[in-house]
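As structure tokens, the structure follows; a few thoughts come after it.
Sequence lines set the chain letters: A, B, ... in the order given, protein chains first and strands last, and positions in each chain run from 1.
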Amino acid sequence: MDQHQALLTYCLRRGDDNLILSHRLGEWCGHGPQLEEDIALTNRALDLIGQARNYLQYAAEVEGKGRTEDDLAFLRSERQFVNTMLVEQLNGDYAHTICRSFLYDAWHLPLQQALTKSADERIAAIAGKAVKEVSYHLRTSSEWMIRFGDGTEESHVRAQTALDALWTFTGDLFVQDDVDAILVKAGVVPDMAPIRSAFDKTVETVLAEATLERPVDGHMATGGRQGKHSEHLGYLLAEMQYLQRAHPGAQW
Amino acid sequence: MTDVKTLEDVFQAKVDAEQKIEPKDWMPDAYRKNLVRQISQHAHSEVVGMLPEGNWIGRAPSLRRKAILLAKVQDEAGHGLYLYSAVETLGTSREKTNDDLNSGKAKYSSIFNYPTLTWADIGAVGWLVDGAAIMNQVMLCRTSYGPYARAMVRICKEESFHQRQGYEIMGVLAKGTPEQREMAQDALNRWWWPSLMMFGPSDADSPHSAQSMKWKIKRQSNDELRQIFIDRTVQQAEVIGLTIPDPELKWNEETKHYDWGEIDWTEFNNVIAGNGPCNRERLAARNKAHSEGAWVRDAAMAYAAKKAKKKQAA
Amino acid sequence: MSENPNNWPLWEVFIQSKRGLDHKHVGSLHAADAQMAIENARDVYTRRQEGNSIWVVPASAISASNHDDGGMLFDPADDKTYRHPTFYQMPEGAKYI
């Protein structure tokens with residue numbers, strides 16, 4: 001694999017992460033626990049779809065085969081999606097949804113912060129804009145984790161249950177392969193070690209205040225970066241891609 | 001003590017002089033009730049209206065459309081919220097208003113009891129349903145109750161992109177493949193008459209209209225607004241090459257308006273009575289969101305209370 | 001029907017749209033605490049670049065004058081036009097005054 005190929009894959013990974021999480025959050029629109037919260041969650045989904053588009057547009061340019069952001073989003077199949085497994089997990093109850101976002105944000109913020117210093121100017125620019133959005137995401141998802149953990153007995157149990165269920169997918173966030181190795185060497189992307197410690201620190205602080213327990217690092221489900229997903233992704237794509245698949249070549 | 005008759009005269013004089021009525025002003029009970037009914041009905045329509053459109057967020061056919069639709073449905077939530085706030089200035093809490101919706105006691109616009117069957121319906125809803133709603137909303141920016149008027153000004157500012165994005169969807173489909181074109185025409189066929197019904201019964205049969213006009217809650221009659229909407233929309237349909245499903249539609253050179261066919265009021269009344277295609281689903285979805293959200297709202301309050309206590313102790 | 005004590009209280013929201021301008025009342029919303037009220041205000045009332053700074057105040061903490069007292073509160077100022085600079089006649093040719 002050369003650096004060009006690595007860059008393309010990396011952009012797809014960042015794009016897919018944000019696209020799939022945005023899609024999941026969009027499922028809440030109109031069904032949130034309180035009108036104010038419905039609006040807040042949709043803002044988050046909109047930030048993420050914006051970031052997804054930035055990365056997928058760049059991926060399309062890097063690829064240079066005339067494909068568009070939409071071709072990449074709507075015409076790749078399950079095994080070609082390279083998002084982390086965490087984001088495709090079902091919404092579940094609101095604690096699951098918040099917990100999934102919290103774990104993602106705790107990883108996403110230090111990553112985007114590091115990417116602002118990327119040797120690739122385009123990535124640095126995308127990250128520069130994303131950092132502001134993701135800072136807010138992490139703040140609000142942390143606050144909700146704390147409210148749930150230290151709220152009522154019921155919310156505490158729900159938050160701990162969500163955390164226990166989702167923890168196995170945190171390993172997939174930190175997987176590094178050839179793609180990363182090549183790009184780390186070129187100064188385009190950061191090494192995962194400092195991102196991991198930032199993640200650990202955030203999780204530790206927030207869970208302590210939330211009176212929640214950090215699950216033990218047991219078996220970690222990994223494979224998303226290689227296109228090996230949980231079964232949920234196929235259904236998500238079947239829904240998301242349906243119109244583009246049913247009407248090949250049509251404009252929308 | 002001033003008697004009610006005098007108070008009513010003072011109130012009506014203010015209204016006649018185009019002065020806004022504000023929350024702490026004296027107002028006739030019936031005016032307050034009428035407003036609570038109308039504004040909350042309006043708020044419920046925004047919130048229930050999120051459901052048929054939200055139905056397509058997951059299937060929006062491009063990333064651009066997906067972002068637009070998310071932002072649009074989110075705006076509807078915002079509009080519901082502004083309006084619930086206006087209701088609260090009249091002394092009726094969000095919870096009470098919300099309970100009335102969930103119990104089926106309060107009404108919302110019947111149009112949202114129709115299903116969005118295809119992607120073209122998202123175009124039709126934006127173009128026709130929002131288009132019809134905007135007619136009312138622009139009028140309501142001048143309504144006599146201050147907080148309602150202010151909410152409407154904000155809403156109108158935000159709504160202006162809603163109709164355009166819907167019309168844009170229809171235009172693209174109409175120019176697209178034969179299947180897309182058919183999808184667009186079919187959506188127009190299904191949404192046209194319900195959109196006309198959105199303006200409410202004909203002036204002669206409208207129970208609240210006369211009083212509402214006197215109080216300047218409403219500023220234009222149902223039939224007037226409906227006619228303007230038809231005149232504008234027929235022209236827009238022509239531009240994108242779609243056909244309005246009304247064989248009696250004809251330009252009237254004398255009145256300078258379109259003549260048009262009969263609305264099927266039996267269907268309208270049937271949907272209002274709860275027998276539209278989606279009445280039950282819509283209410284069930286709102287009830288589910290509310291009841292499943294209860295523990296979330298409780299947790300936030302419990303945490304806020306704990307934190308306030310700690311702060312006090314410190 | 002009594003109100004559920006777990007309902008989020010009502011907050012009034014004031015937004016400063018640009019540095020240097022006043023905070024203006026824009027509406028209200030519900031939130032469990034002040035922090036959440038600020039964040040909800042951000043999400044509800046600044047979606048179109050309207051915001052630079054946010055104040056939130058519990059609605060219950062606001063006292064308002066009665067509009068029906070408007071006459072006695074505000075009309076007495078009507079005839080005191082000498083408080084306005086335009087009340088005074090300046091000789092022609094005087095500058096910078």
With a 4.5 Å cut-off on heavy-atom pairs, point out which of A:C29, A:G151, A:A73, A:A95 contacts chain B the most.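 Most heavy-atom pairs within the cutoff with chain B belong to A:G151.
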Considering only heavy atoms and a distance below 4.5 Å, find which of A:I146, A:L56, A:L41, A:I98 pairs most often with chain B.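 Looking at each option in turn, the highest pair count goes to A:I146.
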At a heavy-atom separation under 4.5 Å, does A:I39 approach chain B through its side chain, its backbone, both, or neither? both
With a 4.5 angstrom heavy-atom cut-off, which part of A:A159 approaches chain B: side chain, backbone, both or neither? neither
Where on [X] is there a heavy atom nearer than 4.5 Å to chain A: the side chain, the backbone, both, or neither?
X      : result
B:L81  : both
B:M170 : neither
B:L70  : both
B:I57  : side chain
B:V47  : side chain

Atom of A:L19, atom of B:L63 and distance for their closest heavy-atom approach: CD1-CD2, 3.6 Å
Looking at every heavy atom in both A:G32 and B:A289, which two are closest together, and how far apart are they?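 So the minimum-distance heavy-atom pair works out to O-CB, 3.8 Å.
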Go through [options] and name the one with the most non-hydrogen pairs under 4.5 angstrom from chain A.
options                      : value
B:A294, B:G58, B:G54         : B:G58
B:A77, B:A60, B:G176         : B:A77
B:A302, B:A299, B:G49, B:A67 : B:A299

Tell me, which pairs form a salt bridge (charged side-chain N to carboxylate O under 4.0 Å, His left out) where one or both residues lie in residues 101-110 of chain B, sequence neighbours left out? B:D100-B:K105
Please enumerate all residues that pass side-chain contact (heavy atoms from CB on, under 4.5 Å) together with A:A59, with sequence neighbours excluded. A:L8, A:C11, A:L12, A:L72
Return one line per donor-acceptor pair between chain B and chain A under 3.5 Å, naming both atoms and the distance rounded to 0.1 Å.
unit_1: B:P61; atom_1: O; unit_2: A:Q244; atom_2: NE2; d: 2.7
unit_1: B:L63; atom_1: N; unit_2: A:D70; atom_2: OD1; d: 2.9
unit_1: B:R65; atom_1: NE; unit_2: A:W252; atom_2: O; d: 2.7
unit_1: B:R65; atom_1: NH2; unit_2: A:W252; atom_2: O; d: 3.2
unit_1: B:K66; atom_1: NZ; unit_2: A:H23; atom_2: ND1; d: 2.9
unit_1: B:Q74; atom_1: NE2; unit_2: A:I39; atom_2: O; d: 2.9
unit_1: B:Q74; atom_1: NE2; unit_2: A:N43; atom_2: OD1; d: 2.7
unit_1: B:R94; atom_1: NH1; unit_2: A:E36; atom_2: OE1; d: 3.3
unit_1: B:R94; atom_1: NH2; unit_2: A:E36; atom_2: OE2; d: 2.6
unit_1: B:Q180; atom_1: NE2; unit_2: A:Q251; atom_2: O; d: 2.8
unit_1: B:R286; atom_1: NH1; unit_2: A:G30; atom_2: O; d: 2.9
unit_1: B:R297; atom_1: NH1; unit_2: A:P33; atom_2: O; d: 2.6
unit_1: B:K306; atom_1: NZ; unit_2: A:D150; atom_2: O; d: 2.9
unit_1: B:K306; atom_1: NZ; unit_2: A:D150; atom_2: OD1; d: 3.1
unit_1: B:K306; atom_1: NZ; unit_2: A:G151; atom_2: O; d: 3.1

